[in-house]
Amino acid sequence: MNNIIDIYNILLKIYGFQYWWPIVIDGKSRYLEEFSKRERTSEEIFEICIGAILTQNTAWKNVEKALINLKTKTNLDIKKIQNLDMTTLAELIKPSGYFNQKSKKIKAFLNFINDELKGDIIKIKNYTTEKARNILLSVWGIGRETADSILLYAYDKPIFVTDAYTRRIFSRVSLIKGELEYDLIQKMFHENLPQDSNIYKEYHALIVAFAKDTCKKEPSCDKCCIRNLCNI
DNA sequence: CGCCAGGTTGTTG
DNA sequence: CAACAACATGGC
């Protein structure tokens with residue numbers, strides 16, 4: 001009896017595999033099955049990192065527009081983006097909102113790639129999860145959820161991504177008491193699931209799907225697939 | 001029109 | 001440390 005695993009299985013059955021993280025191909029975000037079966041290329045890693053920054057408190061649809069702009073203009077080439085001035089970069093990512101903040105964050109991340117990684121974005125792959133997380137968190141503009149999204153989806157590190165949806169859903173089913181710390185919520189998932197990055201990837205994506213579709217701010221409990229486990 | 005979206009940082013008591 | 005403000009566009 002493990003509610004964390006039970007809920008995963010139910011969500012997987014209802015919503016199916018989500019195949020996160022999406023990559024822009026032919027002008028559209030695509031979620032491809034093959035992404036769960038091979039490592040990400042350095043180009044894909046970079047795109048995931050940028051997308052993770054752009055999606056902070058922002059709908060993916062808007063991020064997609066920004067990523068398409070960046071891809072069209074720079075082919076998401078690190079050097080080309082580095083050579084853009086702030087105003088141009090901000091203009092390209094405008095649809096994702098907070099464009100001044102986010103262009104600063106992207107610049108900070110590019111500096112990090114140059115200075116800490118000597119231009120080699122793959123380098124993090126060889127770090128321990130803990131070291132990789134700490135080094136990402138040291139970058140201005142990268143907080144815990146962004147760092148963990150990058151670690152899990154770009155570098156395939158077994159670390160669970162927690163977000164506002166996770167809080168909402170698991171508070172409602174009373175697996176989270178009150179306002180639990182990010183790291184404590186994450187710990188709960190780590191302790192109740194196999195240490196398997198593919199499960200972490202799917203579970204977080206399923207949480208997002210479920211939160212958008214049913215466990216919304218105003219929940220649609222009548223069609224909820226886990227209502228028998230819930231207390232509201 | 002109002003609300004919300006795959007958060008993070010900075011400021012204040 | 002908690003509470004709160006600031007950051008901003010676009011979809012529904």
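Chain A is the first sequence line, chain B the second, and so forth, proteins listed ahead of strands; every chain is numbered from 1.
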Please classify the nucleic acid contact of [X] as base, sugar-phosphate, or nothing, using heavy-atom distances under 4.0 Å.
X	value
A:Trp140	sugar-phosphate
A:Lys102	nothing
A:Lys65	sugar-phosphate
A:Gly97	base
A:Tyr31	base

P spacing across the pair B:dT11 / C:dA8, given as an integer number of angstrom: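 B:dT11 and C:dA8 have their P atoms separated by 16 Å.
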
Considering only the C1' atoms, how many Å lie between C:dA5 and B:dG6, rounded to the nearest integer?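 C:dA5 and B:dG6 have their C1' atoms separated by 22 Å.
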
Report yes if a side-chain nitrogen or oxygen of [X] is closer than 4.0 Å to either non-bridging phosphate oxygen (OP1 or OP2) of [N]; otherwise report no.
X	N	result
A:Arg168	B:dA5	yes
A:Asn100	C:dA8	yes
A:Lys61	B:dG6	no

Write down the distance between CD1 (A:Ile53) and P (C:dC7), rounded to a whole number of angstrom.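 Roughly 20 Å, once rounded to whole Å.
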
Matching residue for A:Tyr200 among A:Phe189, A:Tyr8, A:Phe160 - test: ring pair (Phe, Tyr, Trp, His ring centres under 6.0 Å):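 With A:Tyr200 as partner, A:Phe189, A:Tyr8, A:Phe160 yield a single ring pair (Phe, Tyr, Trp, His ring centres under 6.0 Å), made by A:Phe160.
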
Would you please indicate if the ring centroids of A:Trp20 and A:Trp60 are separated by under 6.0 Å?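 When the ring centroids of A:Trp20 and A:Trp60 are compared, they turn out to be at least 6.0 Å apart.
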
Tell me if the centroids of the rings in A:Tyr19 and A:Tyr31 come within less than 6.0 Å of each other. no

What's the closest nucleotide to the A:Glu181 side chain, out of C:dA2, C:dT9, B:dG6? C:dA2

Starting at the 5' end of DNA chain B, which residue's closest nucleotide do you reach first, A:Leu137 or A:Ser149?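 Upstream on the strand: A:Ser149.
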
For A:Arg133, is there an ion pair with A:Asp183 - N to carboxylate O distance below 4.0 angstrom? yes

Any-strand Watson-Crick or G-U partner of B:dC3, both distances under 3.5 Å: C:dG11

